[in-house]
Amino acid sequence: MLLVWLYGVMVVGAVSRSVVQISTEFDKAPLAYSLSALAGVVYGFITYSLVRGGDAARRAAFVCCALELAGVLIVGTWTLIEPSAFPDATVWSDYGMGYLFIPVLLPLTAMYWLRKGVLQRQQPEVAG
């Protein structure tokens with residue numbers, strides 16, 4: 001439940017931020033604002049998958065979390081190596097520092113939780 005809530009907060013934060021930035025100052029940093037919008041879409045899909053439940057949704061959420069983590073690591077590294085490419089921050093800039101590093105910690109936590117749930121379901125129940 002906590003993961004769903006945290007992803008929901010990230011959806012609202014990333015989408016609202018990108019909508020305002022894209023609609024008011026897109027020409028200032030189109031790459032950064034587009035990446036923030038993409039992050040919001042990814043967060044939304046993961047939230048939906050976690051709420052939906054079921055094996056297929058869990059697998060989809062796991063794959064999206066892995067892609068999210070890759071995005072955070074790539075964009076985070078890119079913002080450190082080539083800061084001029086990002087005149088304004090994205091949700092994933094500096095590994096999510098502007099969001100208290102939640103963008104890098106959340107997919108790791110979610111992937112652990114999703115994997116742990118799969119392993120627990122695969123273990124046979126012991127009659128007591």
Side-chain angles (χ1 to χ4, degrees):
M1 186 62 114
L2 180 60
L3 278 175
V4 172
W5 184 84
L6 286 171
Y7 269 110
V9 168
M10 293 304 290
V11 169
V12 172
V15 170
S16 60
R17 174 183 179 162
S18 65
V19 165
V20 169
Q21 290 173 324
I22 287 171
S23 64
T24 61
E25 52 191 7
F26 185 72
D27 56 330
K28 178 182 171 188
L31 178 61
Y33 302 152
S34 297
L35 287 171
S36 288
L38 176 64
V41 170
V42 170
Y43 293 144
F45 183 79
I46 293 169
T47 304
Y48 169 76
S49 297
L50 291 173
V51 168
R52 183 165 181 231
D55 289 337
R58 283 178 173 272
R59 281 192 300 274
F62 189 89
V63 168
C64 273
C65 287
L67 292 172
E68 172 196 357
L69 180 60
V72 172
L73 295 175
I74 291 166
V75 172
T77 303
W78 191 2
T79 57
L80 295 175
I81 292 172
E82 187 60 44
S84 64
F86 296 90
D88 203 355
T90 75
V91 174
W92 294 341
S93 292
D94 303 320
Y95 308 105
M97 186 168 64
Y99 286 79
L100 304 174
F101 297 102
I102 291 172
V104 76
L105 297 173
L106 197 54
L108 290 170
T109 305
M111 289 167 60
Y112 170 78
W113 181 80
L114 288 164
R115 185 70 183 140
K116 181 179 167 189
V118 167
L119 292 175
Q120 286 177 344
R121 284 194 308 278
Q122 289 176 349
Q123 292 178 355
E125 290 187 31
V126 177

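This chain uses plain numbering: 1 for the first residue, then up along the sequence. Values in this document were obtained by computation on a predicted structure and should not be read as measured data.
Of the possible donor and acceptor atoms, none in the side chain of Thr90 sits under 3.5 Å from a partner among the backbone N and O of Ser36.
Atoms CH2 and CZ, on Trp92 and Phe86 in that order, are 11.0 Å from each other to the nearest 0.5 Å. The structure places CG of Leu108 at 13.0 Å from CZ of Phe101, a figure rounded to the nearest 0.5 Å. Separation of atoms CZ (Arg115) and CZ (Arg58) is listed at 12.0 Å; rounding is to 0.5 Å. Separation of atoms CG (Leu3) and CE (Met10) is listed at 12.5 Å; rounding is to 0.5 Å.
Just one residue in the list Leu105, Thr47, Leu106, Thr109 forms a side chain to side chain contact (heavy atoms under 4.5 Å, CB included) with Leu6, and that residue is Leu106.
In this structure the side chain of Val91 never reaches within 4.5 angstrom of the side chain of Leu35, judged on heavy atoms. Residues Leu50 and Trp113 meet the side-chain proximity criterion, which asks for heavy atoms closer than 4.5 Å.
Scanning both residues, Tyr33 and Phe26, for their nearest heavy atoms gives CD1-CA, 4.0 Å. Considering every non-hydrogen atom in both Tyr99 and Gly13, the closest pair reads OH-O, 3.9 Å. When all heavy atoms are compared, the tightest approach of Ala37 to Ile22 is CB-CD1, 4.0 Å.
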Listing, residues 61-77 side-chain donor-acceptor contacts under 3.5 Å, not counting sequence neighbours, or none:
from	atom 1	to	atom 2	distance (Å)
Glu68	OE1	Tyr7	OH	2.7
Thr77	OG1	Leu73	O	2.7
Thr77	OG1	Tyr95	OH	2.6

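Qualifying side-chain hydrogen bond (donor to acceptor under 3.5 Å, both in side chains) partners for Ser49, counting only residues two or more places apart in sequence or in other chains: none.
Remark: Met97 CE is loosely packed, at most 12 non-hydrogen atoms of other residues, nucleotides or ligands lying under 6.0 Å away.
Ile102 and Met111 fall within the same hydrophobic cluster, where Ile, Leu, Val, Met, Phe, Trp and Tyr residues are linked whenever their side-chain heavy atoms come under 4.5 Å apart, directly or through other members. The same ILVMFWY cluster, assembled from side-chain heavy atoms under 4.5 Å apart, contains both Tyr43 and Leu2. Trp78 is connected to Leu38 through a chain of hydrophobic side-chain contacts under 4.5 Å among Ile, Leu, Val, Met, Phe, Trp and Tyr, so both are in one cluster. No path of Ile, Leu, Val, Met, Phe, Trp and Tyr side chains, each step under 4.5 Å between heavy atoms, connects Val51 with Val41, placing them in separate hydrophobic clusters.
Within the structure, salt bridge (Lys or Arg N to Asp or Glu O under 4.0 Å) contacts touching residues 28-43 (residues at least two apart or in different chains) are Lys28-Asp88.
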